[in-house]
Amino acid sequence: MQKNIVLIGFMGAGKSLVAKQLAMRLKTDAFSTDQWIVEREGRPITAIFEQQGEEYFRQCEREAVTGISKLSGKIIDCGGGVVIFQENIDRLKKNGILFYLTTSPEFVYQRVKNHRHRPLLNTDKPVEVIARLLNERRPFYEQADYTVDTDGKTVSQTADDIMAILQKEKLVNIPK
Ligand code: S3P
């Protein structure tokens, strides 16, 4: 059974775009927990937060992880908060190789400041919120098998870094 490649990390780390690049290069499909939730709920993430709150969203996330982590040989792009529940990390690890895409708060802010669909950053002091959440989550993110820095890198460069690790460690079959 081929392992999944699972991308974790904070909002703005580029997980979704990198996941799509990897899927193309490895000739497989990318799945996103956020997308899974939006499709099942039939409404955007901001609406879910507004109408039912974060706790409900986290429950949806657990269900998304339970479903998606059963796949094999896929690329899984996780919403930034998936890791705050240890059970999610454990499920994803069972059949997946976890890559933590790191970013500094300043880079996160630059990348997400025009994206209104991130309800947690809809505040007067986004940089402080980013720094606080990053600190709280770091111990969870650091349970990943590999860490890849994304600051100042393009999507393609980050995908190159991940591909290099996959090749060096012979983690997946790379299609010709
Ligand atoms: C969240 C990250 C978002 C999305 C939701 C909550 C978080 O996903 O799941 O807004 O708690 O960090 P991205 O990391 O894909 O932006």
Side-chain angles (χ1 to χ4, degrees), residues 4-23 29-69 71 74-89 91-92 96 98-144 146-151 153-155 158-159 162:
N4 294 311
I5 292 165
V6 182
L7 306 185
I8 61 171
F10 207 74
M11 293 173 252
K15 291 167 295 191
S16 307
L17 293 174
V18 172
K20 285 185 186 133
Q21 272 264 343
L22 289 175
D29 302 307
F31 289 83
S32 138
T33 56
D34 283 346
Q35 195 58 36
W36 189 98
I37 294 167
V38 167
E39 277 166 26
R40 194 196 64 174
E41 292 285 311
R43 52 189 170 153
I45 288 172
T46 13
I48 303 173
F49 268 75
E50 271 166 27
Q51 292 159 5
Q52 273 164 293
E54 182 173 352
E55 206 175 309
Y56 177 81
F57 176 76
R58 298 299 173 202
Q59 180 53 32
C60 296
E61 240 174 6
R62 276 195 285 266
E63 290 163 25
V65 167
T66 305
I68 297 175
S69 62
L71 300 169
K74 308 294 183 201
I75 317 295
I76 304 179
D77 153 32
C78 295
V82 156
V83 297
I84 62 178
F85 294 100
Q86 185 64 40
E87 65 181 268
N88 286 341
I89 300 186
R91 280 215 169 92
L92 290 161
L98 270 59
F99 286 85
Y100 170 26
L101 271 51
T102 65
T103 29
S104 58
E106 295 72 26
F107 266 96
V108 172
Y109 180 64
Q110 288 310 319
R111 286 176 184 160
V112 302
K113 66 181 173 191
N114 299 321
H115 294 199
R116 284 167 196 279
H117 64 273
R118 284 172 166 126
L120 292 179
L121 302 183
N122 215 345
T123 118
D124 292 343
K125 295 190 168 165
V127 179
E128 280 89 335
V129 172
I130 292 166
R132 178 175 58 75
L133 286 175
L134 257 177
N135 276 334
E136 281 171 17
R137 293 176 179 181
R138 192 165 291 117
F140 295 105
Y141 289 139
E142 287 181 348
Q143 293 179 49
Y146 299 94
T147 298
V148 174
D149 183 19
T150 69
D151 278 359
K153 288 190 194 145
T154 62
V155 168
T158 304
I162 295 174

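Each ligand, and each atom within it, is numbered from 1 in the order the structure gives. Side-chain atoms are counted along with the backbone in the values below, which use heavy atoms only and exclude waters and symmetry mates.
Taking a 4.0 Å cut-off on heavy atoms, R137 registers as neighbouring ligand 1. Residue contacts with ligand 1 include R58, since one of its heavy atoms falls under 4.0 Å from the ligand. P119 counts as a contact of ligand 1, since one of its heavy atoms falls under 4.0 Å from the ligand.
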*Is there a salt bridge (charged side-chain N to carboxylate O under 4.0 Å, His left out) between K15 and D77 once you walk through the steps?*
CA-CA 6 Å; K15 291 167 295 191; D77 153 32; 5.1 Å; no
_Step-by-step side chain to side chain contact (heavy atoms under 4.5 Å, CB included) determination, I89 to I8_ = CA-CA 10 Å; I89 300 186; I8 61 171; 5.9 Å; no
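When heavy-atom distances to ligand 1 are checked against a 4.0 Å cut-off, Q35 has no atom that comes that close, whether in backbone or side chain. When non-hydrogen atoms are compared, ligand 1 lies under 4.0 Å from the side chain of L120 (C-beta onward) but not from its backbone.
Among protein heavy atoms, atom 8 (O) of ligand 1 sits closest to D34 OD2, 2.8 Å. Shortest contact from atom 16 (O) of ligand 1 to any protein heavy atom: R118 NE, 2.7 Å. With respect to atom 14 (O) of ligand 1, the closest heavy atom belonging to the protein is K15 NZ, 2.6 Å.
Between G81, C78, A19, it is G81 that holds the heavy atom closest to atom 1 (C) of ligand 1.
Listed by chain and number, the residues in a salt bridge (Lys or Arg N to Asp or Glu O under 4.0 Å) with R58 are E54, E61 (sequence neighbours excluded).
For ligand 1, the atoms closer than 4.0 angstrom to any heavy atom of G79 are 8 (O), 9 (O), 14 (O).
Considering both main-chain and side-chain atoms, I45 never comes within under 3.5 Å of ligand 1 through any nitrogen or oxygen pair.
Between the side chains of Q59 and E55, no donor-acceptor pair is found at a separation under 3.5 Å. Using modelled atom types, one finds a donor on one side chain and an acceptor on the other under 3.5 Å when comparing Q35 with E39. A side-chain N or O of N135 and one of R138 form a donor-acceptor pair less than 3.5 Å apart.
Looking only at distances, no side-chain donor or acceptor of R40 sits under 3.5 Å from a matching main-chain atom of C60.
Note: F10 and Y141 have perpendicular aromatic rings, judged against thresholds of 30 and 60 degrees for the angle between ring planes.
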